[in-house]
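If you're wondering where the values come from, they're calculated on a predicted model, not measured in any experiment. Side-chain atoms are counted along with the backbone in the values below, which use heavy atoms only and exclude waters and symmetry mates.
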Amino acid sequence: QVQLVQSGGGSVQSGGSLRLSCQHSGHTFSTYCLAWFRQAPGKEREGVAFIDTDGTTNYAGTVKGRFTISRDNAKSMLYLQMNKLKPEDTAMYYCAAVHSIFGVRALGPPDEFKHWGQGTQVTVSS
C-alpha cells in the first residue's frame, strides 16, 4: 500500500520561500509519476507541478519560474521548492502519485492520481 507523508509548509511573507517534502513508501518509488496540487478555501483543487519517472517536469502557468518540483529516487522523496511566494499561493498543498502504468505524463486533473498525502498549509502574507 502506497503511503505519502508530507512535511514542510508554514507561514511566510510575500516574496519569501518555502520547501515542501513528501516521503513515499510501500512500492517502488521510481515507477511513480508525481505531482503537487493545491486547494484554497472555496476553490477547486488545482495542479501546480508534475514530474515524470524520467525527471521531465511541467508546471501550471501561475507558478512557472517560481516553483521547482524535484525527486530523489534513492530517498523516495518528492520536493517542491517555492520561491517568490505571493499571497495568492496561499492554500493547502498536497502531494500525489500514480503508477506510470496508468500513462499519466503531464499535469492533469486530480482524479488521475491514485495516492495522496495528508496536506500541508502554506500561508503567504502581504
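- Of the possible donor and acceptor atoms, none in the side chain of N83 sits under 3.5 Å from a partner among the backbone N and O of S17.
- Note: S7 OG to L20 CG = 8.0 Å, rounded to the nearest 0.5 Å.
- Remark: E88 pairs with no residue by the salt bridge (charged side-chain N to carboxylate O under 4.0 Å, His left out) rule, at least two apart or across chains.
- Y59 contributes a side-chain N or O that, together with a main-chain N or O of I69, makes up a donor-acceptor pair within less than 3.5 Å.
- Side chain of T90 to main chain of V124: a donor-acceptor pair is present (N/O by atom type, distance under 3.5 Å, no hydrogens or angles).
- In this structure, Y79 OH and W36 CH2 are separated by 10.5 Å, a value rounded to the nearest 0.5 Å.
- Both cation-pi conditions hold for R45 and Y94: the charged atom is under 6.0 angstrom from the six-membered ring centre and inside a 45 degree cone around its axis.
- The side chain to side chain contact (heavy atoms under 4.5 Å, CB included) test with Q118 is passed by exactly one of M92, Q6, Q3: Q6.
- Residue pairs meeting the salt bridge (Lys or Arg N to Asp or Glu O under 4.0 Å) criterion with at least one partner in residues 94-108, sequence neighbours excluded, are D52-R105.
- Atom-to-atom distance recorded for L4:CG and S21:OG is 12.5 Å, nearest 0.5 angstrom.
- Atoms CG and CD1, from L107 and I51 in turn, are 12.5 Å apart once rounded to the nearest 0.5 Å.
- Here CD of E44 is found 14.0 Å from CZ of R38. Values are rounded to the nearest 0.5 Å.
- Judged by distance alone, the side chain of S30 and the main-chain N or O of N73 form no donor-acceptor pair under 3.5 Å.
- Among F50, W116, Y93, the single residue meeting the ring-ring contact (aromatic ring centres under 6.0 Å, His included) criterion with F37 is W116.
- Applying the side-chain contact (heavy atoms from CB on, under 4.5 Å) rule to A40 yields the partners K43, A91; only residues at least two apart in sequence or on another chain are considered.
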